[in-house]
2 protein chains.
Amino acid sequence: MASHFAFGSPATRIDLDGMLSQQAGRGAQVTHYNANTEIYAPGDRANALYQIDFGAVRIYRLLSDGRRQISAFHVAGEVFGFEASEKHGFFAEAIAACGIRSYRMPPEERVARELLPIALQALVRAQEHMLVIGRQSASERVAAFLLEMMERQGGLDHVDLPMSRTDIGDYLGLTIETVSRAFSRFRESGHIHLVNTRTVEIRKPDALRAMCE
Amino acid sequence: MASHFAFGSPATRIDLDGMLSQQAGRGAQVTHYNANTEIYAPGDRANALYQIDFGAVRIYRLLSDGRRQISAFHVAGEVFGFEASEKHGFFAEAIAACGIRSYRMPPEERVARELLPIALQALVRAQEHMLVIGRQSASERVAAFLLEMMERQGGLDHVDLPMSRTDIGDYLGLTIETVSRAFSRFRESGHIHLVNTRTVEIRKPDALRAMCE
DNA sequence: CGTAATGTTGACAAGGGTCAAGCTTAGTGG
DNA sequence: CCACTAAGCTTGACCCTTGTCAACATTACG
């Protein structure tokens with residue numbers, strides 16, 4: 001509580017109403033959801049925040065084979081619905097019957113426009129990473145890692161890895177031996193070419209993408 | 001880019017300087033870090049944001065037995081250092097030689113004070129959850145889950161679980177069978193008492209805490 | 001060129017997943 | 001109010017993926 005950046009205890013109710021209703025010019029909508037009903041789905045416009053009056057909510061994603069990773073549970077008093085783009089990337093569903101207030105998105109102040117999106121981007125990456133480490137096999141994790149690095153370096157096929165195998169292992173929740181074996185198998189199958197240990201040429205990005213589904 | 005909430009491509013440099021220097025009344029400090037040197041550590045005051053000029057950074061935590069979970073890598077152009085409390089909860093270290101600009105914390109506008117902390121809290125939870133699912137065994141994950149639920153319900157020893165075993169498994173990256181076996185083992189060892197399948201009495205919270213380190 | 005750090009590969013073991021059976025609880029209809 | 005059913009949960013047996021331990025190879029650096 002001391003810091004201007006501190007966050008209240010879990011019991012503290014956030015005064016979203018006081019904060020946002022001014023902007024929307026109107027109080028929040030309160031909606032009732034039955035158990036196992038959808039609140040939003042990937043692709044839906046992310047133009048609101050949600051605060052739970054009562055009940056509980058799960059946030060999750062699905063792999064195409066049906067494996068599911070829940071990235072968060074939310075209970076009464078908590079706020080969810082943040083996204084880093086204009087569309088949702090996750091499912092939100094009521095676990096039990098819920099009362100949920102929805103608030104139109106906050107104002108376009110400079111901090112909201114610039115700083116908050118950075119935090120939200122980090123949050124989305126964290127959530128996606130949870131999907132990788134929570135539900136994917138060793139080779140799927142390494143494939144996802146290579147694709148992530150490729151994208152973050154502009155999509156060029158020659159990817160530079162500034163980090164060690166130990167770092168990669170710790171990032172993916174694997175041992176260095178398992179990471180190394182995955183690299184070797186991708187090399188043997190022609191998916192990648194190891195220019196050197198820290199430079200990878202991605203030869204079959206689609207094959208890697210197919211692994212991650 | 002279309003949405004007022006959209007986030008630029010990874011290549012886009014965030015104009016932190018233009019945004020924050022006004023507040024600090026001064027431009028950013030540029031610091032040089034050698035490879036494998038600490039930028040901040042758990043317990044350090046979190047009163048700045050950092051933007052990477054060149055090089056790469058790892059964000060991680062340690063379990064007491066030395067297992068490490070890296071929750072993020074950051075490369076040139078990216079911003080890190082967000083925390084939900086006044087102190088850092090993670091290590092930040094240079095992977096290679098780095099040039100890093102540090103910016104004093106942003107202004108206390110209403111959105112920054114209220115909305116950003118919510119996002120940051122979610123981010124920190126995500127990062128801590130990565131530690132759990134990336135590096136902990138099945139029983140450690142379930143112990144961490146029970147403790148998290150206990151804390152989020154005010155620390156009472158009778159914890160209500162609104163979610164199914166399937167949900168818990170998906171949250172922890174485990175199958176329902178493994179979750180169930182962990183509950184059973186905790187029951188047999190007297191750490192918990194299962195009042196019913198959805199209500200747990202935490203009898204030895206310290207024993208559970210010891211498991212998570 | 002020599003040494004230490006980093007990475008690769010192999011053999012083996014174990015933790016957790018898969019498959020299957022049975023149990024418990026909650027909800028429904030007679 | 002009880003019986004029936006379906007969903008959720010528990011337990012067991014087996015097996016596979018990945019971790020562990022070890023040896024060796026390669027790279028980086030002084």
Side-chain angles (χ1 to χ4, degrees), chain A residues 34-36 56 58 63 65-70 95-97 132-146 160-189 192-200 211, chain B residues 34-36 56 58 63 65-70 95-97 132-146 160-189 192-200 211:
Chain A
N34 290 321
N36 302 310
R58 60 181 159 248
L63 298 178
D65 65 0
R67 277 177 294 176
R68 183 177 70 157
Q69 176 68 36
I70 294 179
I95 291 173
V132 172
I133 63 182
R135 280 300 182 213
Q136 306 210 171
S137 71
S139 48
E140 289 168 339
R141 294 183 207 193
V142 174
F145 170 77
L146 289 172
D160 180 65
L161 304 178
M163 67 291 288
S164 68
R165 296 288 189 270
T166 304
D167 284 337
I168 298 170
D170 285 346
Y171 184 58
L172 299 176
L174 299 170
T175 61
I176 57 172
E177 293 93 332
T178 301
V179 172
S180 184
R181 280 186 254 266
F183 273 87
S184 297
R185 245 173 278 125
F186 289 160
R187 176 171 44 71
E188 288 158 13
S189 59
I192 65 173
H193 172 65
L194 286 169
V195 181
N196 58 59
T197 51
R198 299 288 181 101
T199 310
V200 185
M211 299 188 63
Chain B
N34 289 321
N36 301 311
R58 60 179 159 250
L63 298 177
D65 66 359
R67 276 176 296 176
R68 183 177 69 157
Q69 177 67 36
I70 294 179
I95 291 173
V132 173
I133 63 182
R135 279 300 180 215
Q136 306 210 171
S137 69
S139 47
E140 289 168 339
R141 294 183 207 192
V142 174
F145 170 77
L146 289 172
D160 180 65
L161 305 176
M163 68 290 287
S164 69
R165 296 289 188 270
T166 303
D167 285 336
I168 297 171
D170 285 346
Y171 184 57
L172 298 175
L174 299 170
T175 60
I176 55 172
E177 293 93 332
T178 300
V179 172
S180 183
R181 280 186 253 267
F183 272 87
S184 296
R185 248 175 275 123
F186 289 159
R187 175 171 44 71
E188 288 159 14
S189 58
I192 64 173
H193 172 65
L194 287 168
V195 181
N196 58 60
T197 51
R198 300 288 181 100
T199 310
V200 185
M211 300 189 63

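Quick note on labels: first sequence line is chain A, next is B, and so on, each numbered from 1.
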For DNA chain D, what residues of residues 179-188 of chain A have any heavy atom nearer than 4.0 Å? R181(A)
Do R185(A) and I192(A) touch side chain to side chain, with heavy atoms closer than 4.5 Å? no
Close side-chain approach of T178(B) to L172(B), heavy-atom, < 4.5 Å: no
E177(A) atom CD is separated from dT17(D) atom P, nearest whole Å, by 18 Å
At 4.0 Å (heavy atoms only), tell me whether R198(B) reaches a base, stays on the sugar-phosphate, or touches nothing. sugar-phosphate
E140(A) atom CD is separated from dT17(D) atom P, nearest whole Å, by 12 Å
Find the distance R67(B):CZ to dT20(D):C1' and express it as a whole number of Å. 14 Å
Please confirm whether the backbone N or O of Q136(A) pairs with a side-chain atom of R141(A), one donor and one acceptor, at under 3.5 Å? yes
Measure the distance from CG on N196(A) to C1' on dA25(D) and round it to the nearest whole Å. 16 Å
Heavy atoms only: give me the nearest M163(A)-I168(A) pair and the separation to one decimal. CG-CG1, 3.6 Å
Do you know the tightest heavy-atom contact between S139(B) and A182(B)? CA-CB, 4.5 Å
If we only count heavy atoms from C-beta on, is the T197(B) to R165(B) side-chain gap below 4.5 Å? yes
Given dT27(D), is OP1 or OP2 found less than 4.0 Å from the side-chain N or O atoms of T197(A)? no
Do D167(B) and R68(A) touch side chain to side chain, with heavy atoms closer than 4.5 Å? yes
Beyond-backbone contact of F183(B) with L146(B), side-chain heavy atoms, under 4.5 angstrom: yes
First locate atom CG of L161(B), then atom OG1 of T199(B), and finally report the distance between them rounded to the nearest 0.5 Å. 7.0 Å
When rounded to the nearest 0.5 angstrom, what is the spacing between CZ in R181(B) and CD1 in I176(B)? 10.0 Å
Please answer whether the main-chain N or O of Q69(B) pairs with a side-chain N or O of R135(B) as donor and acceptor at a distance below 3.5 Å. no
Contact list for DNA chain C against residues 161-171 of chain A - heavy-atom distance below 4.0 Å: S164(A), R165(A)
Quick one: how far along DNA chain C does chain A reach, first to last nucleotide 5' to 3', anything under 4.0 Å to a heavy atom? dT6(C) to dA11(C)
How do R141(A) and N36(A) order along DNA chain D: which one's closest nucleotide is nearer the 5' end? N36(A)
With nearest nucleotide decided by heavy atoms, which residue, T178(A) or T175(B), maps closer to the 5′ end of DNA chain C? T178(A)
Rounded interatomic separation in angstrom, taking CD1 from I176(A) and P from dG19(D): 11 Å
